Amino acid sequence: MNRQLVIRGAAVSVAAVAASVFLAGQFLGDRQTFAEGAITGAPIEVRGASVVSPFGSTTLPANTEPALEFSALDNSADTSAAPSVQEGFQPELTFADATQPREKSLCDASLTAAPAIDGLIEVRLSAPCSMGERVVISHGELAFTATLDQAGRLATYIPALSELAVVDAFMSDDTMLQAQTQVTDFDQHARMIVQWTGADAMALHAYHRGAQHGEAGHLHAMNPFDPELEDAFLVSLGDEAALEPLLAQVYSVPVVEAAASRLQLELAVTEASCGTDVIAYVMPTHGPNAGQPQELAVAMPDCGSGEGFVVVDLPFEVATTMSADLNLSLDAPLAVTAPTLTITAPSPES
């Protein structure tokens with residue numbers, strides 16, 4: 001399995017709309033046609049139409065054309081030509097057996113989860129009648145929004161936060177789906193999760209081997225891999241174009257290599273963020289604060305200061321492994337170094 005293909009597949013679209021959905025729509029009829037009243041009036045009485053032989057046999061002589069015999073085909077009140085129903089006729093009724101499995105509907109949604117490489121979970125969602133709709137995927141304290149493709153499907157990879165990994169999907173029609181799988185190597189990677197809501201522009205950056213910004217060993221959303229440390233990567237999750245977007249970025253590195261990693265959170269100074277407190281939630285899977293999602297509030301520069309970035313160093317320790325029975329708490333303050341502000345002077349107007 002190609003590692004880069006897996007990570008880049010964090011928002012893979014699965015193509016093709018099932019033809020059966022279209023055919024079912026044709027067979028069951030157009031609801032809008034009924035709603036608009038295009039089909040009205042009393043039902044037409046169909047009394048029969050058949051091909052008959054004038055010779056009383058189903059075998060016709062050579063060079064003989066069959067005759068068509070029609071009975072009434074109208075909606076008149078005259079039913080004298082209608083065939084009579086025998087007295088005492090009892091229709092044969094068939095009752096569904098409640099012990100038998102229900103037939104699957106064409107609109108049934110399904111969610112599956114399976115273990116993948118590097119402690120990841122492969123998640124696949126199919127909802128054929130919810131094409132293009134918003135969905136929220138959650139696993140433990142990690143949650144993000146996604147948009148189903150035009151076949152009503154989603155395929156993505158998310159980091160496992162426990163050995164028994166439970167994944168939930170919340171649909172826009174209040175449907176909730178759940179799947180689970182075993183991920184035995186979930187704790188072999190140390191991870192840092194950053195989550196936020198809305199359109200705030202922020203990015204997680206990881207540095208290996210003492211690298212500086214832009215040098216080899218600098219990982220970010222546009223460069224999620226380190227050629228010299230293949231098992232380390234950064235995953236971006238969430239559709240920022242979705243309604244009320246929930247976004248996340250996750251950095252993963254083998255535990256044995258984690259001590260040499262340095263992490264920073266970069267927040268862009270924009271017209272929307274200047275002069276405000278930008279909120280993010282960070283959660284490491286290892287170290288003293290393992291499994292504890294903590295709020296990080298950063299006071300952004302006043303508007304008019306120019307465009308630039310506020311950079312916050314994030315602590316990343318692996319001394320303590322995440323416990324399966326961990327009690328999550330938001331009470332402990334997040335210890336971070338003072339943010340560094342880098343401002344770019346605005347370009348002079350031409």
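Each residue takes its place number in the sequence, starting with 1. Keep in mind that this is a model prediction, so the values were computed, not measured.
Side chain of Q195 to main chain of A143: a donor-acceptor pair is present (N/O by atom type, distance under 3.5 Å, no hydrogens or angles). At least one donor-acceptor pair closer than 3.5 Å links the side chain of T285 to the backbone N or O of R191. Distance alone, capped at 3.5 Å, places no donor-acceptor pair between the R124 side chain and the S110 backbone. Side chain of E215 to backbone of Q212: a donor-acceptor contact under 3.5 angstrom is found. The closest donor-acceptor contact from the side chain of D149 to the backbone of G152 lies under 3.5 Å. For the pair E141 (side chain) and P293 (backbone), a donor-acceptor distance under 3.5 Å is absent. Judged by distance alone, the side chain of H208 and the main-chain N or O of R262 form no donor-acceptor pair under 3.5 Å.
Taking the six-membered ring where tryptophan is involved, the planes of H218 and H220 are tilted, since the angle between them lies from 30° to 60°.
Residues V310 and P301 are in side-chain contact: their nearest non-hydrogen atoms beyond the backbone lie under 4.5 Å apart. By the 4.5 Å heavy-atom criterion applied to side chains, Y251 and F233 are not counted as neighbours. Contact check for V194 versus L314: side-chain heavy atoms found under the 4.5 Å cut-off. Between L164 and Q180, the closest side-chain pair of non-hydrogen atoms falls below 4.5 Å. Taking 4.5 Å as the limit, some side-chain heavy atom of S138 sits within range of a side-chain heavy atom of F170. A 4.5 Å side-chain heavy-atom check between M300 and V269 finds at least one atom pair inside the cut-off. Looking at heavy atoms from C-beta onward, V282 lies out of side-chain contact with E295 at the 4.5 angstrom threshold. No side-chain heavy atom of L247 sits under 4.5 Å from any side-chain heavy atom of T197.
Atom OG of S162 is separated from atom CZ of F186 by 6.5 Å, given to the nearest 0.5 angstrom. The OG atom of S252 lies 6.5 Å from the CG atom of L120; values are rounded to the nearest 0.5 Å. In this structure, OG on S130 lies 5.5 Å from CG on D173, to the nearest 0.5 angstrom. Between the CD1 atom in I117 and the OH atom in Y157 there is a gap of 8.0 Å [rounded to 0.5 Å]. Interatomic distance, NE2 of H205 versus CG of L219, reported as 10.5 Å (0.5 Å rounding). Rounding to the nearest 0.5 Å places CZ of F144 at 5.5 Å from CD1 of I137.
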Applying side-chain contact (heavy atoms from CB on, under 4.5 Å) to L125 and R153, what does each step give before you reach the verdict?
CA-CA 5 Å; L125 191 157; R153 295 179 180 176; over 6 Å; no
Criterion side-chain contact (heavy atoms from CB on, under 4.5 Å) on D168 and L177, from CA distance to verdict:
CA-CA 6 Å; D168 296 319; L177 306 173; over 6 Å; no
Before giving the answer on side-chain contact (heavy atoms from CB on, under 4.5 Å), spell out for L263 and D313 the whole-Å C-alpha distance, their side-chain angles and the decisive distance to 0.1 Å.
CA-CA 6 Å; L263 299 184; D313 290 322; over 6 Å; no
For L234 and V250, what are the C-alpha separation, side-chain angles and deciding distance, and is it a side-chain contact (heavy atoms from CB on, under 4.5 Å)?
CA-CA 6 Å; L234 192 146; V250 183; over 6 Å; no
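The nearest pair of heavy atoms linking R209 to G217 is NH2-CA, 3.6 Å. Counting all heavy atoms, side chain and backbone alike, A242 lies closest to T145 at CB-OG1, 4.1 Å. The shortest non-hydrogen separation linking V255 to A190 is CG2-N, 3.8 Å. Listed here is the closest heavy atom pair of A113 and T181: O-CB, 3.5 Å. Across all their heavy atoms, A280 and L265 have their closest contact at CB-CD2, 4.2 Å. Closest heavy-atom contact between S236 and Q249: OG-NE2, 3.5 Å.
Evaluated for a side-chain contact (heavy atoms from CB on, under 4.5 Å) with F309, the options E266, Q264, M202 yield exactly one hit, E266.
Residues D239 and T147 bring a donor and an acceptor atom of their side chains to less than 3.5 Å of each other. Under the 3.5 Å distance criterion, with hydrogens and angles disregarded, a donor-acceptor pair is assigned to the side chains of S273 and T270.
For E240, the CD atom is loosely surrounded, since the number of other residues' heavy atoms within 6.0 Å does not exceed 12.
By the criterion of side-chain heavy atoms lying less than 4.5 angstrom apart, applied directly or through intervening Ile, Leu, Val, Met, Phe, Trp or Tyr residues, L296 is grouped together with L267 in one hydrophobic cluster. In this structure, I193 is a member of the same hydrophobic cluster as V167, with clusters built from ILVMFWY side-chain heavy atoms closer than 4.5 Å. Under the 4.5 Å side-chain heavy-atom criterion for grouping Ile, Leu, Val, Met, Phe, Trp and Tyr, M283 is not connected to V166 through any hydrophobic cluster. Follow the hydrophobic side-chain contacts under 4.5 Å out from V136 and you never reach I158; the two are in separate clusters. Cluster annotation: L229 is connected to F316 through the hydrophobic network of ILVMFWY side chains, with a link wherever side-chain heavy atoms come within less than 4.5 Å.
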